[in-house]
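Encoded as structure tokens, the structure appears first; notes follow it.
We name chains A, B, ... by the order of the sequence lines, and we start the count at 1 in each one.
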2 protein chains.
Amino acid sequence: MRPTVNDIAREAGVSLATVDRVLNARPGVREKTIKAVNDAIARLGYVRDLSAANLARSRTYRMAVVLPDTESQFVQTLADTFREAGHLAATTRIDLTLHRFPSEDPHALAAMLLELPARGHAGVALMAPETPVLRDAVRALRSRGLPVVALVSDLPNTARDHFIGTDNRAAGRTAGVLMGRFLGGGPGQVLVLGSSLLARDMIERRRGFDEVMLRDFPGIEVLQSLETHGSGRTLRQVVTEMLANAPDVRGIYAMGDGHRALTQALQEMGLSGKLTVICHELTPHTRKALLAGEITAVIAQNPGHLARSTLRVLRAKVDNLPLDEGQEQIRIEIVLRENLPPGPDDSRDSATGLPAAAP
Amino acid sequence: MRPTVNDIAREAGVSLATVDRVLNARPGVREKTIKAVNDAIARLGYVRDLSAANLARSRTYRMAVVLPDTESQFVQTLADTFREAGHLAATTRIDLTLHRFPSEDPHALAAMLLELPARGHAGVALMAPETPVLRDAVRALRSRGLPVVALVSDLPNTARDHFIGTDNRAAGRTAGVLMGRFLGGGPGQVLVLGSSLLARDMIERRRGFDEVMLRDFPGIEVLQSLETHGSGRTLRQVVTEMLANAPDVRGIYAMGDGHRALTQALQEMGLSGKLTVICHELTPHTRKALLAGEITAVIAQNPGHLARSTLRVLRAKVDNLPLDEGQEQIRIEIVLRENLPPGPDDSRDSATGLPAAAP
DNA sequence: CACGAAATGAGGTACGCACCTCAAAATTGC
DNA sequence: GCAATTTTGAGGTGCGTACCTCATTTCGTG
């Protein structure tokens, strides 16, 4: 049987009230007594029963998840996952609220963030580009005691409590090796697309990609990054133009979103399945494109893991508890058609485990 | 505020005792009343407060994890992970016991399993090859009400409650695409090694691998599987002999363990880094070999996830609760040097994120 | 309608902890 | 050594649920 507060009281030779005072850092206990209690705790190996504690407190953790209102399928999926996780989290006394902010308006974001403490939020998870206004807002939140965790894209200069997401540079490197090896080391050219070339995650991915290409695959020429500004139209235009003029392009690395526009452009040019296409994030669309052979590989982070990890980390930070680093490591997943996890609407050939369409 | 049992009683117009009888499926309630209570539950959206329930039950779940006593690093890692998870699990009232059995003695395994219920175990997770004796033992356990989950390697003919692990055929397919693409589609030969060619997981991996190679990479010749019987000496002998006589071998797919012997043999022949080597499971050794460029890719399943998932599933099965399928899906991870998650004893070059050794 | 059986109600205790009050004891300052 | 102050003890209540007992009501049946 695990020791309880009563055992500690007995062991330390004090009353239950004193143990309680020490455990919950209430005032009015001599240093000497505090030590005696802590010694007893150490001796017995006592661990507070968190569920009982929370039950007694009848406490609910009000957490805010703040995402941009991009139409990107990845962000949508993430939002859905959080919503779902929020329902399940009710069991753990977590009350999740999802907030979206206009992706191009850092001031609106900051204003929204600063309202959170007044609304009783105890912690914030935030996916947003780092701007000066944001830095100030995060600092303000933290000084009010709210833990802030960065989501997907890190905010290294804000003293956020934690970052939950993949190492984007390593992700770029991974895309690099795959591209290089899939192209047999060259020769050929590779196109790189990014929604915004200024965003921190794009920069890091590009950096990792270039690193590997330069070092390990000198026979492959990586063309200048093309910016799509998150617009499908721009993307199609840019890609079509580029491919028409560069017959040696054998691979495309899409660092941001806009996969729909990309596959569509490729289809129109009759290039579907003829190029090595690597992109990020597993969404309904990239799933389909993978299965159809239009996309070769997807570098992904698991939204379910992201969401669950976020809740665990926020909770731990609020309670000031240590966390299991291993569990909170978000892996850089490589998804090919062959290891695509079964999805919700999956009609695969039960014999081969693959769709009818030939590779 | 979430509704409680008292709210249900009021809403359904019955007493608390009756609600309790319905909730815990105790006898002595008319169908009609049961329906009334369930309707009230549905109307209020009541969800049982699990932590309070477990507190009241003051129940500890005694779970058994049964692993072979192989010296394989993967099994060792798995055992360590379970041991570690067991400590953490104390918080969730789970009392974990690790059992090992002589891997070549199915009868000893069966005997061990049959002892578990008497020792108060409430659930069993089992990693073992399927044999007739085992089938009987599993059936016996289940008829006594103990949920049994298969670990890593499925036991499809035993009516186990759940399988926790990757789809080995899909894993084999994944190895196949990687091999095929990394070899540029051929020409060349590929060597396949397996510890035991009769084990179900080996058969499935091989099947998946062949499927992809035959269909997508006809230019690559897959040689007959070599059996190593889990012995490092046999492996070295077989590999050395084979490589000496087959100069066209450009890739090796190691389906089982024995990576130490393999990399050693390659080193001795001066072939380190010159072949495409794909193997399974991330262990201290495969990590090192990946970093050193001796192994090209590792197909892995995350032991931490495996362990946590096992505990969650067992608990859910014991309590007869539904599970979050998405969370329990064990992914087929592809690990390259570039996306190798940071390990415990990692001394990487902080600039490149890679070790000093050139590729 | 009466009888036994089945269904239900009322109420209590416990789980491990948080949080509160009030009195008693120990310590401090003077 | 006394009063003022700080520290400690004893005890209670509640969180939401499980599980138990014993009375009371309702039901089906002859």
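Here A/D20 lies in heavy-atom contact (under 4.0 Å) with a base.
Remark: B/L44 CG to B/R2 CZ distance equals 12.5 Å, nearest 0.5 Å.
In this structure, the nucleotide among C/dA14, C/dG9, C/dG16 sitting nearest to the side chain of B/S15 is C/dG9. The A/A53 side chain lies nearest to C/dA18 when the options are C/dT27, C/dA18, C/dG16.
Distance CZ (B/R26) to P (C/dT8): 15 Å, rounded to an integer number of Å. With rounding to whole Å, B/K32 atom NZ is found 18 Å from C/dA6 atom P. As rounded to whole Å, 14 Å separates atom C1' of C/dC17 from atom CG of B/D49. Put simply, CG on A/L50 is 9 Å from P on C/dA18, counting in whole angstrom units. Nucleotide C/dC15 holds its P atom 11 Å from the CG atom of A/D7, rounded to whole Å. Atom CZ in B/R30 sits roughly 9 Å away from atom C1' in C/dT8 (whole-Å rounding). Here C/dC17 presents its P atom at 3 Å from OH of A/Y46, a figure rounded to the nearest Å. Here the C1' atom of nucleotide C/dG9 and the CZ atom of B/R21 are 8 Å apart, to the nearest Å.
Reading DNA chain D from its 5' end, the first and the last nucleotide to sit under 4.0 Å from a heavy atom of chain A are D/dT7 to D/dG16.
Each of B/V29 and A/N6 lies near DNA chain C, and the nucleotide nearest B/V29 is the one positioned closer to the 5' end. Heavy-atom distances to DNA chain D give each of B/T4 and A/G13 a nearest nucleotide, and the one nearer the 5′ end belongs to A/G13. Of the two residues contacting DNA chain C, namely B/R57 and B/T33, the nearest-nucleotide position lying further toward the 5' end is that of B/T33.
When side chains are defined from C-beta on, B/V318 counts as touching B/P147, because their heavy atoms get closer than 4.5 Å. You'll find the side chain of A/E130 stays beyond 4.5 Å of the side chain of A/V138, heavy atoms only. For the pair B/P342 and A/D167, the minimum side-chain heavy-atom distance is 4.5 Å or more. Residues B/L134 and B/L126 form a side-chain contact, since some pair of their non-hydrogen atoms from C-beta on lies under 4.5 Å apart. Side-chain contact between A/E281 and A/Q301: present, with at least one pair of heavy atoms (C-beta onward) separated by less than 4.5 Å. At least one side-chain heavy atom of A/H121 sits less than 4.5 Å from a side-chain heavy atom of A/H99.
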Discussion item. Dot-bracket, 5' to 3', for DNA chain C please: Watson-Crick or G-U pairs under 3.5 Å, [ ] where pairs cross earlier ones, | where the partner sits on another strand, dots elsewhere.
Written reply: ||||||||||||||||||||||||||||||
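Listed pair B/T18 / C/dG9 meets the phosphate criterion, a side-chain N or O lying under 4.0 Å from OP1 or OP2.
Side chain to side chain, B/D49 and B/S51 meet the donor-acceptor criterion of an N or O pair below 3.5 Å.
Exactly one residue among A/H305, A/R308, A/R312 makes a side-chain hydrogen bond (donor to acceptor under 3.5 Å, both in side chains) with A/E328. That residue is A/R312.
Residue pairs meeting the salt bridge (charged side-chain N to carboxylate O under 4.0 Å, His left out) criterion with at least one partner in residues 28-37 of chain B, sequence neighbours excluded, are B/K35-B/D39.
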